[in-house]
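Report on the following structure.
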Amino acid sequence: MKILDTLSKNEKELDISSKVRIYLCGVTVYDESHIGHARTIIVFDVLRRYLESKGIEVEFIQNFTDVDDKIINRAKRENVKASAISSRYIENYFKDFDDLNVLRATRYPKATEHIQDMQKLIIDLIEKKIAYVSKNGVYFSVSKFPEYGKLSKKKIGDLLAGARVEVDEAKNDPLDFALWKFSKDDPSWDSPWGRGRPGWHIECSAMSIKYLGDNFEIHGGGRDLIFPHHENEIAQSESHTSKPFAKIWMHVGMITINNEKMSKSKGNIKSIRHVLENWGPNIIRLFCLSGHYSKPIDYSEELLQENITKWRQVESSYYEMKLSIGNGDTTKIENIISESKKEFDSVLENDLNTHLALSAFFKFVNQINQLAASDSLTKSIADVALPHFEKNGKYFRFNTSKNFRNGN
RNA sequence: GGUGAGGUGGCAGAGUGGUUAUGCGUGGGCCUGCAAAGCCUAUCGAUAGGGGUUCGAAUCCCUUCCUCACCUCCA
C-alpha cells in the first residue's frame with residue numbers, strides 16, 4: 001500500500017512485514033468535537049479497518065491532550081478543576097465517535113498519565129544540552145537540531161522573518177519552544193526543575209515512543225498539525241533517539257465552510273453532535289470519505305444531500321437482497337464482484353483513495369439495484385452478493401441492519 | 001512576505017502525452033393509488049489566462065492571475 005508521506009513528499013510503500021504501528025494525534029479535550037476532528041479520525045479508521053481486513057495486525061494509538069491552557073481557562077471560567085473539564089469532554093468524545101462507528105483505538109493515552117515519561121525525555125534532552133532551563137520553564141533549543149523545518153519545509157530564517165513568534169526574554173532564541181512550563185496553578189507536577197506542567201508537543205513524543213517504539217510506521221493528524229506540532233515532535237524525538245521518528249507522516253486535509261477552515265475564531269464550527277442529529281452517522285462517514293483525504297472538503301448541505309441519495313441506493317440494494325427469493329445463475333454476479341473487489345483494493349492501495357473506493361462500491365450497488373428492477377435478483381445471487389456487500393460496508397462501517405424497517 | 005497544496009462540466013471528482021471516467025444534478029420515460037425510493041434514457045466541458053515543447057497536452061516547460069492552508073492555539 002502506498003501512502004503520501006509529508007516528510008519526503010513522495011508516496012511511500014507502507015511496511016507491512018510485521019505489525020503496523022500508527023500514532024494519531026487526537027484532540028485537546030476542552031470542548032465538543034467537531035466535524036473536522038471526525039474527518040481525520042474516520043480516515044484513520046478506514047485505513048485501520050482496511051489493513052486489518054487484509055490480515056495485518058494494527059496497533060493504533062490515539063492520545064488525548066488533557067493538559068492545556070484552553071482546558072485550564074475553561075476550568076477557571078466554570079470554577080471547576082481542569083480534570084473535570086477534560087474528563088467531561090473525553091466522555092463526550094467517546095459518545096460522538098462510538099455513534100460514528102469508529103473502532104476504538106488500541107489505547108488512548110492521556111498526557112496527565114505520562115508526566116514521568118515526558119520528564120525522562122526532557123532530562124535526556126537537557127543532558128544532551130539540546131534543552132535548557134530558563135526563568136519560565138525548560139525549552140528546546142531549535143538551533144541544536146539542524147534539520148529543524150524539514151517536515152514543514154520551513155527555513156529557520158523565514159520563520160524568524162515571519163515575526164509572529166512570541167517574544168520572550170526567557171528564551172535563548174525566539175524559535176525555541178517549551179518542554180516544561182513553570183506554574184503552581186491547578187494541574188501541576190513536581191519536576192527536577194520546578195513545579196509546572198508539560199508543553200504541548202512533548203506528550204506525543206513521549207507517548208508514541210513509549211507505546212510504539214523509536215521508529216514506527218505511520219504518524220498522523222490534521223494538516224494543521226504539521227507546524228509547529230509535528231515539526232517539534234520530530235525535533236524532540238529524533239534528538240532523543242537519534243533515529244528517524246516515523247516512517248510515514250500522513251496528514252488529513254481540513255474541512256472548510258465556504259472555503260474557509262472551520263475554526264473557533266471564525267465561529268463556523270459544526271459539532272459532531274449537531275451533524276449527527278441532522279444527518280446521521282452513515283452520511284457523515286460518506287461525506288468525510290467523499291474526497292481524497294489529503295485535500296480539503298467543503299462542508300455544504302448540497303454535498304451532504306448528495307450522500308443521502310447515495311446512501312438510499314445502498315440501503316435499497318441491501319433491502320432487495322434480503323428480500324430476494326428463488327434460484328438462478330450466479331456467474332454474472334460473481335464476475336461483477338470480482339471486478340469490484342479488484343477495483344476497490346487497487347484504489348485503496350493507491351494512497352487510500354476512498355472516493356474511488358466508494359465509487360467502486362456504488363457501482364456494485366447499482367448493479368444489484370438493476371437486477372432487482374428487472375426482477376432477476378434471486379436469492380442465490382443475493383447469497384453471493386451479500387457477503388461482498390457486507391465486507392465493503394465494513395470498511396466504511398456503515399450501519400445497515402438497524403435501519404431496515406422490514407429487515408429480518 | 002515565506003512555505004506548501006490547488007484551479008477540470010451546475011456541483012463533487014478521476015485522468016501525469018493519444019476517444020476529458022464516474023457520481024450527483026437536470027430533461028424525458030417506466031414503475032407506483034399518490035409521493036418518495038428504484039430502474040431506463042438523454043443531457044452539459046473549448047480542463048483559470050497567455051506563451052512554449054510535441055505529429056498530438058488537462059497531462060511536460062515558462063509566465064500571469066486566482067483560491068486555500070501553515071508561518072500564533074487548532075484535526
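Computed from a prediction, not measured in an experiment: that's the story for all the values here. Naming: A, B, ... by sequence-line order, numbering from 1 per chain.
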Any base atoms under 4.0 Å from [X], or only sugar-phosphate, or nothing? Heavy atoms, all strands.
X	result
A:Ser359	nothing
A:Ile41	nothing
A:Asp68	nothing
A:His229	nothing
A:Leu225	sugar-phosphate
A:Gly36	base
A:Gly149	nothing
A:Lys261	base

Would you say the rings of [Y] and [X] are close, in the sense that their centroids are separated by under 6.0 Å?
X	Y	value
A:His114	A:Tyr211	yes
A:Tyr93	A:Phe97	yes
A:Phe94	A:Tyr108	yes
A:Phe361	A:Phe389	yes
A:His219	A:His230	yes
A:Tyr139	A:Phe177	no

In whole Å, what is the span from the [atom1] atom of [X] to the [atom2] atom of [N]?
X	N	atom1	atom2	value
A:Asn258	B:A69	CG	C1'	16 Å
A:Met262	B:C68	CE	P	16 Å
A:Lys154	B:A5	NZ	C1'	12 Å
A:Tyr318	B:G38	OH	P	18 Å
A:Phe177	B:C71	CZ	C1'	15 Å
A:Asp224	B:C68	CG	P	17 Å
A:His251	B:G6	NE2	C1'	18 Å
A:Phe287	B:C24	CZ	P	18 Å

What is the pairing partner of [N], taking Watson-Crick or G-U wobble pairs with both distances under 3.5 Å in any strand?
N	value
B:C39	B:G29
B:C65	B:G7
B:C73	none
B:C60	B:G52

Please give the distance between the [atom1] atoms of [N] and [M] as a whole number of Å.
N	M	atom1	result
B:G6	B:C24	C1'	22 Å
B:C73	B:U63	C1'	38 Å
B:A37	B:C66	P	43 Å
B:C11	B:U47	C1'	16 Å
B:A48	B:U67	C1'	11 Å
B:U20	B:A57	P	12 Å
B:G49	B:U8	C1'	15 Å
B:A5	B:U26	P	37 Å

Between A:Tyr299 and A:Phe287, what is the ring plane arrangement, given parallel below 30°, perpendicular above 60°, and tilted in between?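 If you compare the ring of A:Tyr299 with that of A:Phe287, the planes turn out perpendicular.
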For the residue pair A:His229 and A:His201, categorise the inter-ring angle as parallel (less than 30°), tilted (30 to 60°) or perpendicular (more than 60°).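 The arrangement is tilted - the two ring planes meet at 30° to 60°.
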Output, in order, the C-alpha distance, side-chain angles, deciding distance and verdict of salt bridge (Lys or Arg N to Asp or Glu O under 4.0 Å) for A:Asp69 and A:Arg197. CA-CA 10 Å; A:Asp69 288 352; A:Arg197 59 177 185 269; 2.6 Å; yes
Any idea which of B:G4, B:A75, B:C73 is nearest the A:Val27 side chain?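 Side chain of A:Val27 sits closest to B:A75.
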Side chain of A:Lys310 only, please: which of B:G23, B:A69, B:G4 is the nearest?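 The answer is B:G23.
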Tabulated below should be each protein N or O lying under 3.5 Å from an N or O of nucleotides 27-37 of chain B; please produce it.
none

Protein N or O to nucleotides 10-13 of chain B N or O, pairs below 3.5 Å:
from, atom 1, to, atom 2, distance (Å)
B:G13, O2', A:His355, ND1, 3.3

Pair A:Asn353, A:Tyr293: side-chain N/O donor-acceptor within cut-off below 3.5 Å: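 No, no side-chain donor-acceptor contact under 3.5 Å.
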For RNA chain B, what residues of residues 369-380 of chain A have any heavy atom nearer than 4.0 Å?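 Going residue by residue through residues 369-380 of chain A, the ones with a heavy atom under 4.0 Å of RNA chain B turn out to be A:Asn369, A:Gln370, A:Ala373.
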Given the ring of A:Phe227, does A:Lys154 sit roughly above its face, with NZ or CZ under 6.0 Å from the centre of the six-membered ring and within 45° of the axis?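 The answer is yes; both the distance and angle limits are met.
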Partners of A:His34 by ring pair (Phe, Tyr, Trp, His ring centres under 6.0 Å), sequence neighbours excluded?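 Partners of A:His34 by the ring pair (Phe, Tyr, Trp, His ring centres under 6.0 Å) criterion, ordered by chain and then number, come out as A:His37.
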If the cut-off is 4.0 Å, is A:Asn307 near the phosphate of B:C24, judged by side-chain N/O to OP1 or OP2?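 False: A:Asn307 side-chain N/O out of range (4.0 Å or more) of B:C24 OP1/OP2.
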Which residue lies toward the 5' end of RNA chain B, A:Phe227 or A:Thr28, if each is placed at its nearest nucleotide?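 Nearest-nucleotide comparison on RNA chain B picks A:Phe227.
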All side chain to side chain contact (heavy atoms under 4.5 Å, CB included) counterparts of A:Lys243, not counting sequence neighbours: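 For A:Lys243, the residues satisfying side chain to side chain contact (heavy atoms under 4.5 Å, CB included) (neighbours in sequence not counted) are A:Asp214, A:Thr241.
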When rounded to the nearest 0.5 angstrom, what distance separates CD1 in A:Ile283 from CG in A:Leu304?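 Reported to 0.5 Å precision, the distance equals 8.0 Å.
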Without placing hydrogens or testing angles, list every side-chain donor-acceptor pair under 3.5 Å for residues 23-31 of chain A, not counting sequence neighbours.
from, atom 1, to, atom 2, distance (Å)
A:Asp31, OD1, A:Arg74, NH1, 3.3
A:Asp31, OD2, A:Lys264, NZ, 2.4

